[in-house]
Amino acid sequence: MLFVRSLLFSILFYGNLTLWLLACLPLLAVPPRYLFPVARAWARSNLWLLRTVVGMRVEWRGLGNIPKGGLLVAAKHQSAWETFALMTVFERPIFVLKQELIRLPLFGWFLQRIGMIPVDRSAGASALAGMARMAREKVQEGHQVIIFPEGTRRAPGAPPDYKTGVAFLYDSLKTPCLPVALNSGLFWPRQSFLRQPGTVVVSILPPLPAGIPRRQVIAELERRIETETNRLLEGAHPPDGDARRKA
(Lines give C-alpha, C1' and ligand atoms only; values in the text may rest on other atoms or scores of the structure.)
Protein backbone atom coordinates (compact mmCIF):
# COMPACT_ATOMS: atom_id res chain seq x y z
CA MET A 1 0.00 0.00 0.00
CA LEU A 2 2.86 2.38 0.79
CA PHE A 3 4.33 1.78 -2.67
CA VAL A 4 0.97 2.43 -4.36
CA ARG A 5 0.41 5.65 -2.43
CA SER A 6 3.95 6.83 -3.17
CA LEU A 7 3.53 6.06 -6.87
CA LEU A 8 0.18 7.85 -7.01
CA PHE A 9 1.64 10.86 -5.23
CA SER A 10 4.59 11.08 -7.65
CA ILE A 11 2.25 10.98 -10.65
CA LEU A 12 0.01 13.66 -9.16
CA PHE A 13 2.95 15.76 -7.95
CA TYR A 14 4.58 16.05 -11.37
CA GLY A 15 1.24 16.34 -13.12
CA ASN A 16 0.25 19.13 -10.75
CA LEU A 17 3.56 20.92 -11.38
CA THR A 18 3.10 20.67 -15.16
CA LEU A 19 -0.43 22.06 -15.00
CA TRP A 20 0.66 24.99 -12.81
CA LEU A 21 3.57 25.81 -15.12
CA LEU A 22 1.44 25.76 -18.24
CA ALA A 23 -1.47 27.65 -16.70
CA CYS A 24 0.85 30.35 -15.33
CA LEU A 25 2.91 30.94 -18.48
CA PRO A 26 1.21 34.34 -19.09
CA LEU A 27 2.42 35.44 -15.64
CA LEU A 28 6.00 35.48 -16.89
CA ALA A 29 5.10 38.89 -18.30
CA VAL A 30 3.97 40.40 -14.99
CA PRO A 31 6.17 41.93 -12.27
CA PRO A 32 7.79 39.26 -10.05
CA ARG A 33 5.92 40.38 -6.92
CA TYR A 34 2.73 38.89 -8.36
CA LEU A 35 4.32 35.47 -8.63
CA PHE A 36 4.82 34.94 -4.88
CA PRO A 37 1.13 34.27 -4.11
CA VAL A 38 1.07 31.84 -7.03
CA ALA A 39 4.18 30.04 -5.77
CA ARG A 40 2.65 29.74 -2.28
CA ALA A 41 -0.58 28.37 -3.74
CA TRP A 42 1.41 25.75 -5.69
CA ALA A 43 3.35 24.82 -2.53
CA ARG A 44 0.13 24.47 -0.53
CA SER A 45 -1.31 22.22 -3.24
CA ASN A 46 1.70 19.93 -2.80
CA LEU A 47 1.15 19.80 0.97
CA TRP A 48 -2.50 18.97 0.31
CA LEU A 49 -1.50 16.11 -2.00
CA LEU A 50 0.90 14.76 0.61
CA ARG A 51 -1.74 14.93 3.32
CA THR A 52 -4.50 13.42 1.17
CA VAL A 53 -2.60 10.75 -0.75
CA VAL A 54 0.26 9.80 1.57
CA GLY A 55 -0.99 10.84 4.99
CA MET A 56 1.97 13.18 5.51
CA ARG A 57 1.14 16.27 7.54
CA VAL A 58 3.24 19.18 8.77
CA GLU A 59 3.52 20.95 12.12
CA TRP A 60 5.11 24.38 12.23
CA ARG A 61 6.70 25.43 15.51
CA GLY A 62 8.04 28.86 16.42
CA LEU A 63 6.21 30.86 13.76
CA GLY A 64 6.30 33.84 16.10
CA ASN A 65 10.09 33.91 15.75
CA ILE A 66 9.87 35.12 12.13
CA PRO A 67 10.66 38.85 12.08
CA LYS A 68 9.10 41.22 9.60
CA GLY A 69 10.94 42.34 6.50
CA GLY A 70 14.14 41.19 4.86
CA LEU A 71 16.40 38.67 6.54
CA LEU A 72 18.57 35.60 6.03
CA VAL A 73 17.10 32.14 6.72
CA ALA A 74 19.42 29.17 7.30
CA ALA A 75 17.46 25.91 7.04
CA LYS A 76 18.35 22.28 7.57
CA HIS A 77 18.15 20.35 4.28
CA GLN A 78 17.14 16.70 4.41
CA SER A 79 14.68 16.42 1.56
CA ALA A 80 13.10 18.02 -1.48
CA TRP A 81 10.13 18.71 0.79
CA GLU A 82 11.47 21.94 2.30
CA THR A 83 12.28 23.41 -1.12
CA PHE A 84 8.57 24.09 -1.59
CA ALA A 85 7.06 23.79 1.90
CA LEU A 86 9.03 26.75 3.30
CA MET A 87 7.34 28.97 0.72
CA THR A 88 4.10 28.70 2.68
CA VAL A 89 5.35 30.46 5.84
CA PHE A 90 7.49 33.26 4.40
CA GLU A 91 5.94 36.24 2.67
CA ARG A 92 8.52 36.82 -0.08
CA PRO A 93 10.97 33.89 -0.04
CA ILE A 94 14.02 33.79 -2.30
CA PHE A 95 16.05 30.57 -2.36
CA VAL A 96 19.77 30.24 -2.96
CA LEU A 97 19.91 27.27 -5.35
CA LYS A 98 22.20 25.47 -7.74
CA GLN A 99 22.52 27.07 -11.16
CA GLU A 100 21.43 23.92 -12.99
CA LEU A 101 17.83 24.43 -11.86
CA ILE A 102 17.60 27.77 -13.66
CA ARG A 103 18.33 25.98 -16.95
CA LEU A 104 15.32 23.68 -16.71
CA PRO A 105 12.58 24.40 -19.29
CA LEU A 106 9.51 26.17 -17.89
CA PHE A 107 10.35 25.58 -14.22
CA GLY A 108 13.69 27.34 -14.57
CA TRP A 109 12.01 30.25 -16.33
CA PHE A 110 9.79 30.87 -13.32
CA LEU A 111 12.70 30.49 -10.89
CA GLN A 112 14.62 33.12 -12.80
CA ARG A 113 11.64 35.43 -13.18
CA ILE A 114 10.76 35.40 -9.48
CA GLY A 115 14.38 36.23 -8.62
CA MET A 116 15.84 33.05 -7.12
CA ILE A 117 19.60 33.26 -6.58
CA PRO A 118 21.54 30.72 -8.67
CA VAL A 119 25.02 29.65 -7.61
CA ASP A 120 27.63 28.03 -9.84
CA ARG A 121 29.28 25.78 -7.28
CA SER A 122 32.32 25.29 -9.51
CA ALA A 123 33.08 29.02 -9.70
CA GLY A 124 34.56 29.39 -6.20
CA ALA A 125 34.98 32.87 -4.72
CA SER A 126 33.40 34.63 -7.68
CA ALA A 127 30.20 32.64 -7.11
CA LEU A 128 30.10 33.77 -3.46
CA ALA A 129 30.53 37.41 -4.45
CA GLY A 130 27.71 37.20 -6.99
CA MET A 131 25.47 35.41 -4.52
CA ALA A 132 26.08 38.09 -1.87
CA ARG A 133 25.40 40.94 -4.31
CA MET A 134 22.06 39.46 -5.40
CA ALA A 135 21.10 38.58 -1.81
CA ARG A 136 21.76 42.16 -0.63
CA GLU A 137 19.42 43.48 -3.28
CA LYS A 138 16.71 41.02 -2.27
CA VAL A 139 16.99 41.72 1.46
CA GLN A 140 16.84 45.48 0.81
CA GLU A 141 13.60 44.85 -1.09
CA GLY A 142 12.15 43.02 1.93
CA HIS A 143 12.68 39.42 0.82
CA GLN A 144 13.59 36.47 3.01
CA VAL A 145 16.70 34.87 1.50
CA ILE A 146 16.72 31.13 2.28
CA ILE A 147 19.98 29.18 2.16
CA PHE A 148 20.73 25.57 3.04
CA PRO A 149 24.04 25.87 4.94
CA GLU A 150 25.18 22.35 4.09
CA GLY A 151 24.65 22.97 0.39
CA THR A 152 22.94 19.66 -0.30
CA ARG A 153 20.56 17.22 1.33
CA ARG A 154 21.83 15.28 4.33
CA ALA A 155 20.25 12.09 5.60
CA PRO A 156 18.68 12.23 9.08
CA GLY A 157 21.38 11.62 11.65
CA ALA A 158 24.26 12.17 9.21
CA PRO A 159 27.20 14.22 10.55
CA PRO A 160 26.64 17.92 9.78
CA ASP A 161 28.69 19.56 7.04
CA TYR A 162 28.13 23.32 7.19
CA LYS A 163 29.82 25.34 4.44
CA THR A 164 31.42 28.77 4.65
CA GLY A 165 28.91 30.26 2.21
CA VAL A 166 26.30 30.89 4.89
CA ALA A 167 28.81 32.83 7.03
CA PHE A 168 29.97 34.84 4.01
CA LEU A 169 26.36 35.70 3.20
CA TYR A 170 25.50 36.56 6.80
CA ASP A 171 28.52 38.85 7.09
CA SER A 172 27.72 40.53 3.78
CA LEU A 173 24.03 41.14 4.48
CA LYS A 174 24.44 42.61 8.00
CA THR A 175 21.01 41.23 8.85
CA PRO A 176 19.60 38.76 11.42
CA CYS A 177 19.76 35.08 10.52
CA LEU A 178 16.82 32.79 11.27
CA PRO A 179 17.79 29.13 11.96
CA VAL A 180 15.32 26.43 10.89
CA ALA A 181 15.43 22.79 12.01
CA LEU A 182 13.28 19.98 10.62
CA ASN A 183 12.89 16.22 10.28
CA SER A 184 11.52 15.93 6.73
CA GLY A 185 14.07 13.27 5.77
CA LEU A 186 12.20 10.74 7.91
CA PHE A 187 9.15 11.01 5.66
CA TRP A 188 10.56 12.09 2.25
CA PRO A 189 13.96 10.34 2.13
CA ARG A 190 16.50 11.90 -0.21
CA GLN A 191 17.27 8.73 -2.18
CA SER A 192 14.02 6.81 -1.97
CA PHE A 193 10.86 6.70 -4.03
CA LEU A 194 8.70 5.99 -0.97
CA ARG A 195 6.84 8.75 0.87
CA GLN A 196 6.04 7.91 4.48
CA PRO A 197 2.89 8.90 6.40
CA GLY A 198 3.35 10.92 9.57
CA THR A 199 3.98 14.50 10.66
CA VAL A 200 6.94 16.51 9.42
CA VAL A 201 7.94 18.95 12.16
CA VAL A 202 9.59 22.25 11.33
CA SER A 203 11.04 24.29 14.20
CA ILE A 204 11.76 27.95 13.53
CA LEU A 205 14.27 29.09 16.14
CA PRO A 206 14.91 32.60 17.49
CA PRO A 207 17.00 34.65 15.05
CA LEU A 208 20.70 35.28 15.51
CA PRO A 209 21.31 39.04 15.63
CA ALA A 210 23.46 40.73 13.03
CA GLY A 211 27.10 41.34 13.86
CA ILE A 212 28.34 37.97 15.10
CA PRO A 213 31.93 37.42 13.85
CA ARG A 214 32.06 35.28 10.74
CA ARG A 215 34.17 32.60 12.40
CA GLN A 216 31.61 32.14 15.13
CA VAL A 217 28.37 32.23 13.18
CA ILE A 218 28.81 28.84 11.47
CA ALA A 219 29.49 27.16 14.80
CA GLU A 220 26.50 28.85 16.40
CA LEU A 221 24.16 28.00 13.52
CA GLU A 222 25.35 24.40 13.54
CA ARG A 223 24.89 24.14 17.30
CA ARG A 224 21.36 25.54 17.26
CA ILE A 225 20.07 23.78 14.15
CA GLU A 226 21.64 20.39 14.86
CA THR A 227 20.57 20.36 18.51
CA GLU A 228 16.97 21.08 17.58
CA THR A 229 17.03 18.73 14.58
CA ASN A 230 18.23 15.89 16.78
CA ARG A 231 15.41 16.62 19.22
CA LEU A 232 12.92 16.43 16.37
CA LEU A 233 14.39 13.18 15.11
CA GLU A 234 14.07 11.73 18.59
CA GLY A 235 10.47 12.90 18.88
CA ALA A 236 11.15 15.54 21.57
CA HIS A 237 8.63 18.32 22.14
CA PRO A 238 9.43 22.05 22.14
CA PRO A 239 9.14 24.21 25.25
CA ASP A 240 5.63 25.34 26.20
CA GLY A 241 4.53 28.54 24.52
CA ASP A 242 6.01 27.92 21.06
CA ALA A 243 3.67 29.02 18.30
CA ARG A 244 2.44 26.03 16.28
CA ARG A 245 0.39 25.50 13.19
CA LYS A 246 -0.64 22.25 11.59
CA ALA A 247 -1.48 21.79 7.93
Side-chain angles (χ1 to χ4, degrees), residues 21 24-25 27-40 42-43 66-77 80 82-153 161-180 204 207-215 217-218 220-222 225:
L21 291 174
C24 294
L25 269 176
L27 296 181
L28 288 172
V30 306
R33 65 179 180 274
Y34 295 112
L35 294 176
F36 288 100
V38 176
R40 280 195 297 274
W42 166 71
I66 303 176
K68 297 290 185 182
L71 77 152
L72 178 64
V73 180
K76 186 68 177 175
H77 194 17
E82 51 268 15
T83 63
F84 61 82
L86 290 177
M87 292 183 184
T88 66
V89 293
F90 291 101
E91 184 179 2
R92 302 176 70 191
I94 294 291
F95 285 83
V96 177
L97 44 77
K98 58 185 179 182
Q99 191 175 55
E100 292 83 351
L101 292 175
I102 295 292
R103 299 180 181 138
L104 293 175
L106 287 180
F107 188 63
W109 302 350
F110 281 97
L111 293 178
Q112 189 169 23
R113 181 60 178 159
I114 206 170
M116 299 301 179
I117 301 174
V119 176
D120 181 358
R121 291 181 289 188
S122 65
S126 62
L128 289 178
M131 174 184 70
R133 176 183 55 78
M134 294 180 67
R136 277 195 298 270
E137 294 174 358
K138 297 303 179 183
V139 167
Q140 289 169 3
E141 294 169 0
H143 292 279
Q144 300 79 46
V145 174
I146 302 174
I147 187 171
F148 300 120
E150 294 170 284
T152 189
R153 293 169 294 173
D161 185 22
Y162 285 59
K163 310 297 185 185
T164 59
V166 65
F168 182 86
L169 197 54
Y170 167 83
D171 188 58
S172 300
L173 296 180
K174 312 297 183 188
T175 188
C177 181
L178 191 70
V180 177
I204 300 169
L208 276 69
I212 297 175
R214 188 187 299 187
R215 293 181 179 180
V217 73
I218 291 184
E220 184 62 17
L221 280 173
E222 180 176 326
I225 294 173

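Here the structure is a predicted model, which is why all the values come from computation and not from measurement.
- Between atom NZ of residue K138 and atom CD1 of residue I94 there is a gap of 5.0 Å, rounded to the nearest 0.5 Å.
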Exercise for the section: Take C177 and V217 through the test side-chain contact (heavy atoms from CB on, under 4.5 Å) and record every step on the way to the result. Expected result: CA-CA 9 Å; C177 181; V217 73; 5.6 Å; no

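- Between P179 and L208 there is a side-chain heavy-atom pair separated by less than 4.5 Å.
- Between the side chain of Q144 and the backbone N or O of L72, no donor-acceptor pair lies under 3.5 Å.
- Heavy-atom minimum distance, A132 versus L169: CA-CD1, 3.7 Å.
- For the pair I212 and Y170, the tightest heavy-atom approach, listed with the atom from each and the gap, is N-OH, 2.8 Å.
- Relative orientation of the F95 and F148 rings is tilted, given thresholds of 30° and 60° on the angle between their planes.
- Although no hydrogens or angles enter the test, the distance criterion places no donor-acceptor pair under 3.5 Å between the side chain of R214 and the main chain of T164.
- Of the inter-residue distances, the one linking L173 atom CG with F168 atom CZ reads 9.5 Å to the nearest 0.5 angstrom.
- Evaluation of the side-chain hydrogen bond (donor to acceptor under 3.5 Å, both in side chains) test over residues 92-105, restricted to residues two or more places apart or in two chains, returns R92-H143, Q99-R103.
- In this structure, the side chains of P207 and L71 stay at 4.5 Å or more apart for every pair of heavy atoms.
- From E150, atom CD reaches atom CD1 of I225 across 8.0 Å, with rounding to the nearest 0.5 Å.
- At a threshold of 4.5 Å between non-hydrogen side-chain atoms, the residues P149 and I218 do not count as touching.
- No donor-acceptor pair under 3.5 Å is formed between the side chain of Y162 and the backbone N or O of G151.
- The distance from atom CG of D120 to atom CG of L128, rounded to the nearest 0.5 Å, is 11.0 Å.
- Contact of the M134 side chain with the P118 side chain is registered, since non-hydrogen atoms from C-beta on lie closer than 4.5 Å.
- Distance check, rounded to the nearest 0.5 Å: CG of L101 to OG1 of T83 gives 9.0 Å.
- Under the side-chain contact (heavy atoms from CB on, under 4.5 Å) criterion, L21 pairs with L17, L106, F107, F110, sequence neighbours left out.
- Rounding to the nearest 0.5 Å gives a distance of 13.0 Å between CG of L86 and CZ of R40.
- Taking both residues in full, the closest heavy atoms of I146 and P93 are given as CD1-CB, 3.8 Å, listed atom of the first, atom of the second, then distance.
- Pairing each heavy atom of A74 with each of V166, the nearest pair is CB-CG2, 4.2 Å.
- The shortest heavy-atom contact between E82 and K76 is OE2-O, 3.8 Å.
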